[in-house]
Participant: 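Take this structure, written in structure tokens, and hold onto it; I'll ask about it next.
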There are 2 protein chains.
Amino acid sequence: MNIGLLLYIPYRDLENRIMAAVTGAGYDVTLAQARVLQRISPDGTRLTELAEAAQVTKQTAGFLVDQLEKLGYVERVPDPTDGRARLVRVTEKARGATPVAEAEIARIEAEWEQHIGKRRMGQLREALEKLGEITDPYR
Amino acid sequence: MNIGLLLYIPYRDLENRIMAAVTGAGYDVTLAQARVLQRISPDGTRLTELAEAAQVTKQTAGFLVDQLEKLGYVERVPDPTDGRARLVRVTEKARGATPVAEAEIARIEAEWEQHIGKRRMGQLREALEKLGEITDPYR
DNA sequence: TACTTTAATCAGAGTCTCTGACTAAAAACA
DNA sequence: TGTTTTTAGTCAGAGACTCTGATTAAAGTA
């Protein structure tokens, strides 16, 4: 079986479950919005950085941040170090979503470990981390 | 690092490279179209099956098959066993794309194995296959 | 200062995906 | 058999996501 599909299947399962947990907890965000949201650092992040991290254009990132702003999950504040830039920051309203997502991730990882065993889980993680060295464009 | 991202990073790299190889060889298909195309069996596949396999609605699958048909990569023929159904079949024009994609996959897998080692590659595959047992909705 | 780069936005379009309603054929069943 | 339910696929319409190209304003550089 194709290694691509092998990677994708558990990834999709994970993503679907995290989204279900987050929206189930009352956070009404879409997948694309969530992908941006999770990359905003505690101190705020510039739009350009978000776009790069999420691998979309600045326009796309801006479009998603607009929506998140309307929903009250982020705010834009001037960047004190650069008059052109603005920092996107997570609001209090959104901050509760992080533990929800993290709890779901922990639950899933535990299930996976339960199924494939602690040893294989460690090997999986190790192999993926090493693979990231050559496949991660932001490294 | 989040296991989801760890899975996604190599997956995306693989997908991007396969698409680049295929479009570079002159096959002008989009990612969404390719996802459908690769699931069509040699004997033809029903739209409903394609939709399930690709995890999209029948309407979405139909939309993509329409485009592939206009581009000449697939054709729809009546299903002799069911008057309601039609079989989507790959045309001669599209058949050359498969070896292009497969060659690129082989190249990537070789690179990966080169980087992380034969042992880790085997462990990765084994862990992912086992993980598929609980994360693959079509199994 | 003049030129170039960078951060962000505006405008417009294309692609992908969905929900809901519908037709026709097959399957189930009374 | 005839009726009802299910299944395969399509039509219509809308929403979500993403892009290319052009523009503005601020920062960096020669």
Side-chain angles (χ1 to χ4, degrees), chain A residues 8 12 15-16 19-20 22-23 27-41 43-71 73-89 137, chain B residues 8 12 15-16 19-20 22-23 27-41 43-71 73-89 137:
Chain A
Y8 183 58
R12 182 177 53 193
E15 191 171 64
N16 286 344
M19 280 307 294
V22 169
T23 60
Y27 296 93
D28 209 3
V29 290
T30 65
L31 186 53
Q33 288 163 4
R35 282 178 182 149
V36 166
L37 199 52
Q38 77 176 1
R39 294 174 195 275
I40 301 172
S41 93
D43 309 322
T45 305
R46 290 186 189 180
L47 192 66
T48 303
E49 288 176 72
L50 287 179
E52 278 177 7
Q55 296 229 249
V56 293
T57 59
K58 285 186 294 178
Q59 291 90 326
T60 299
F63 171 81
L64 295 167
V65 167
D66 282 348
Q67 296 179 325
L68 288 167
E69 200 172 24
K70 271 181 202 122
L71 291 166
Y73 292 125
V74 306
E75 58 187 356
R76 285 189 244 225
V77 299
D79 184 336
T81 71
D82 189 332
R84 297 165 300 179
R86 297 204 275 164
L87 294 174
V88 179
R89 281 207 308 223
Chain B
Y8 184 58
R12 183 176 52 193
E15 191 170 64
N16 287 343
M19 280 308 293
V22 170
T23 59
Y27 297 94
D28 210 2
V29 290
T30 66
L31 186 53
Q33 289 163 2
R35 282 178 181 150
V36 167
L37 199 52
Q38 78 175 2
R39 294 174 194 273
I40 301 172
S41 93
D43 309 322
T45 305
R46 289 187 190 180
L47 192 67
T48 303
E49 288 176 72
L50 286 178
E52 277 178 8
Q55 297 229 247
V56 294
T57 59
K58 287 185 294 178
Q59 291 89 327
T60 299
F63 172 80
L64 295 167
V65 168
D66 282 348
Q67 296 179 325
L68 288 167
E69 200 172 24
K70 271 181 201 120
L71 291 165
Y73 292 126
V74 306
E75 58 187 355
R76 283 191 245 226
V77 299
D79 183 337
T81 71
D82 189 331
R84 296 165 301 178
R86 296 204 274 164
L87 294 174
V88 179
R89 281 209 307 224

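Quick caveat, the model's predicted, so the values are computed rather than measured. Only this structure's heavy atoms are used, side chains among them; waters, hydrogens and symmetry mates stay out.
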Participant: Taking for each residue the nucleotide of DNA chain D bearing the nearest heavy atom, is the 5' side occupied by L87(B) or by V56(A)?
Facilitator: L87(B)

Participant: Give a yes/no answer on whether the side chain of T57(B) brings an N or O atom under 4.0 Å of OP1 or OP2 in dC18(C).
Facilitator: yes

Participant: Please give, in whole Å, the distance from dT9(C) P to D66(A) CG?
Facilitator: 7 Å

Participant: Looking at the side chain of Q59(B), which of dC16(C), dG21(D), dT10(D) is the nearest nucleotide?
Facilitator: dT10(D)

Participant: Given dA7(C), dT10(D), dT20(D), identify the nucleotide with an atom nearest to the side chain of R76(B).
Facilitator: dT10(D)

Participant: Would you name the heavy atoms of V29(B) and Y73(B) that are closest together and state the gap between them?
Facilitator: CG1-CE1, 3.5 Å

Participant: Can you tell me how far P of dT15(C) sits from CZ of R35(B), to the nearest Å?
Facilitator: 16 Å

Participant: To check you understand the geometry: which heavy-atom pair defines the closest contact between T30(B) and M19(B), and what is its length?
Facilitator: C-CE, 3.6 Å

Participant: With a non-hydrogen cut-off below 4.0 angstrom, is T60(B) in contact with a base, only sugar-phosphate, or nothing?
Facilitator: base

Participant: Using a cut-off of strictly less than 4.0 Å, decide whether T48(B) has a side-chain nitrogen or oxygen near OP1 or OP2 of dT7(D).
Facilitator: no

Participant: Which whole-number value in Å describes the distance from K58(A) NZ to dA25(D) C1'?
Facilitator: 12 Å

Participant: From CG of L31(B) over to P of dC19(D), roughly how many Å is that when rounded to an integer?
Facilitator: 12 Å

Participant: How would you label the contact of G62(A) with the nucleic acid (heavy atoms, under 4.0 Å): base, sugar-phosphate, or nothing?
Facilitator: nothing

Participant: Side chain to side chain donor-acceptor pair (under 3.5 Å) with D79(B): which of R86(B), R46(B), R84(B)?
Facilitator: R46(B)

Participant: Using atom CE of M19(B) as one end and atom P of dT18(D) as the other, report the distance to the nearest whole Å.
Facilitator: 16 Å

Participant: Can you tell me which nucleotide in dA7(C), dA26(C), dT18(D) comes closest to the side chain of R84(B)?
Facilitator: dA26(C)

Participant: State which of dT7(D), dA7(C), dC16(C) makes the closest approach to the side chain of D82(A).
Facilitator: dA7(C)

Participant: Take atom CG of L50(B) and atom P of dT17(C), then tell me their distance rounded to the nearest Å.
Facilitator: 13 Å

Participant: L47(B) has a side chain; which of dT19(C), dC19(D), dT10(D) sits nearest to it?
Facilitator: dT10(D)

Participant: Can you measure L64(A) atom CG to dG15(D) atom P for me and round it to whole angstrom units?
Facilitator: 17 Å

Participant: Checking contacts here: which listed nucleotide (dG9(D), dA8(C), dC17(D)) is nearest the side-chain heavy atoms of R86(A)?
Facilitator: dA8(C)

Participant: Nearest-Å distance, CD (Q67(A)) to C1' (dC17(D))?
Facilitator: 9 Å

Participant: So, for V88(B) and L47(B), which heavy atoms are closest and what is the spacing to 0.1 Å?
Facilitator: CG2-N, 4.5 Å

Participant: Which nucleotide in the set dA7(C), dT10(D), dT15(C) lies at the smallest distance from any side-chain heavy atom of T30(B)?
Facilitator: dT15(C)

Participant: Looking at E52(B) and R39(B), does any basic side-chain N land under 4.0 Å from a carboxylate oxygen?
Facilitator: no

